[in-house]
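See below for the structure under consideration.
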Amino acid sequence: MRVTKLEEHVNLIDVETGGIENFIASYVLKSKLAAIVETGPTSSVPNLLAGLKELDVRLEEVAYVAVTHIHLDHAGGVGTLLKSLPNARVIVHPAGAPHLVNPQKLWQQSRKVQGQEIADLYDEPEPVPAERIVPVRDGMIFDLGNNVRLKVVETLGHASHHQSYLETSSLGLFPGDAAGIYFKSLNVVVPTTPAPFYLESQLTSLEKLVNLNPENLYYSHFGRTTDAVKKLKTYEKQLRLWVSIAEQGFQNHQDFDAVRDEIVRRDESVQKVLRLIKDHPILRMTVLNNSVEGVVKYVERIRTAPKD
Ligand SMILES: [Zn+2]
């Protein structure tokens with residue numbers, strides 16, 4: 001576990017899930033009240049609690065636990081964490097909330113899609129009591145005092161229940177997985193577009209985030225960048241490139257491997273990242289294949305949909 005102070009009220013805890021550094025971030029906003037954005041999975045909740053202690057955040061002070069979406073690497077730990085936070089309520093997209101209350105299906109799905117090895121590394125999510133979940137709407141604002149506010153920005157695309165958060169004191173955005181995966185040491189982003197991926201809603205979401213004119217992006221994977229708008233616009237171009245390659249592949253009846261290889265050939269960021277993550281226990285399995293699959297299936301869906 002490592003704690004980094006980023007701004008007056010914004011701190012990053014590297015929760016080091018499975019001992020992996022620079023992979024999953026949890027952010028702690030500390031003002032009159034405290035809030036946590038993203039918990040990481042169940043297995044690294046003890047690290048998150050150790051981080052709160054190091055930041056001198058008393059457990060009673062935590063008023064909100066906000067998650068961008070319910071995937072285990074972002075929200076798997078909420079149920080376990082809440083047992084230590086007597087006053088915290090959970091902020092989650094209404095379409096994701098039932099899966100936090102009853103995580104069985106989510107757990108089974110994750111084991112099937114991501115494989116037992118990754119599921120074991122994350123550990124099983126514990127249920128969240130329904131009465132601790134806040135009914136949330138797009139644009140809702142949560143006040144932590146001293147001009148620190150967290151605003152809900154619905155950003156569908158990566159998932160159909162994804163939302164981002166704008167932090168007003170640092171003009172910082174928590175984009176979850178709506179802005180890709182950021183590799184600080186390379187200063188590049190690669191897509192995270194697992195199936196079912198929806199390009200239109202993802203692009204609408206990116207436009208929404210750009211229009212907020214943020215100064216900071218606080219990536220869940222991983223860390224802060226200060227050229228937020230540039231990164232968001234570059235991500236949009238990158239997604240369009242990937243989809244155009246998948247479109248060509250569809251027209252030319254290419255198989256999955258051919259599309260994937262063409263994406264690698266034409267996207268320099270991907271080449272750099274693949275070299276960096278070749279031994280990464282999780283990313284080497286998920287980063288390219290899952291995201292290419294999402295884009296390929298998206299193209300298949302729109303090309304084979306009956307025209308009306
Ligand atoms: Zn993620």
Side-chain angles (χ1 to χ4, degrees), residues 12-18 20-27 36-45 47-48 65-78 81 91-93 95-96 99-100 103 106-107 109-115 117-119 121-123 125 153 155-165 173-184 188-198 201-202 205-206 209 217-225 231-232 235 238-239 270 273 276-277 280-295:
L12 183 161
I13 300 176
D14 183 345
V15 296
E16 294 184 8
T17 306
I20 309 166
E21 291 178 6
N22 302 323
F23 174 44
I24 298 176
S26 176
Y27 292 91
I36 296 168
V37 182
E38 310 281 59
T39 65
T42 309
S43 61
S44 44
V45 167
N47 291 350
L48 177 50
V65 176
V67 294
T68 58
H69 60 304
I70 58 163
H71 293 166
L72 297 183
D73 52 330
H74 297 256
V78 178
L81 180 67
I91 305 173
V92 61
H93 191 283
H99 299 283
L100 292 187
L106 173 69
W107 174 237
Q109 191 78 2
S110 306
R111 285 199 321 201
K112 207 171 91 191
V113 175
Q114 302 211 288
E117 202 183 325
I118 293 180
L121 217 119
Y122 288 160
D123 218 345
V153 188
T155 46
L156 311 180
H158 171 84
S160 57
H161 61 275
H162 191 290
Q163 58 191 22
S164 303
Y165 300 96
L173 257 185
F174 300 95
D177 279 343
I181 300 178
Y182 176 55
F183 293 86
K184 201 176 193 62
V188 299
V189 170
V190 296
T192 173
T193 53
F197 170 68
Y198 301 92
S201 34
Q202 175 66 69
S205 297
L206 279 172
L209 296 180
L217 269 185
Y218 303 118
Y219 290 95
S220 305
H221 317 286
F222 177 97
R224 185 248 296 258
T225 170
K231 283 280 185 298
L232 294 168
Y235 189 52
Q238 191 178 27
L239 289 178
V270 171
V273 166
L276 183 77
I277 62 169
H280 195 285
I282 293 178
L283 292 178
R284 76 183 150 84
M285 294 191 265
T286 57
V287 139
L288 190 62
N289 284 337
N290 288 4
S291 293
V292 173
E293 187 187 19
V295 168

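Bear in mind that the values here come from a model prediction, so they are computed numbers and not experimental data. Whatever order the structure lists ligands and atoms in, that order sets their numbers, starting from 1.
At least one donor-acceptor pair under 3.5 Å links the side chain of S291 to the backbone N or O of P191. A donor-acceptor contact shorter than 3.5 Å links the side chain of Q238 to the backbone of V189. When atom types are taken as modelled, the side chain of E38 and the backbone of T68 share a donor-acceptor pair closer than 3.5 angstrom.
Taking backbone and side chain together, H221 holds an N, O or S atom under 2.8 Å from the Zn ion (ligand 1). At a cut-off of 2.8 Å, H69 is not counted among the residues with an N, O or S atom near the Zn ion (ligand 1).
As for D73, its N/O/S atom nearest the Zn ion (ligand 1) is the one called OD2. Atom OD2 is the N, O or S atom of D177 at the shortest distance from the Zn ion (ligand 1).
Among F174, Y182, F23, F183, the single residue meeting the ring pair (Phe, Tyr, Trp, His ring centres under 6.0 Å) criterion with H221 is F23.
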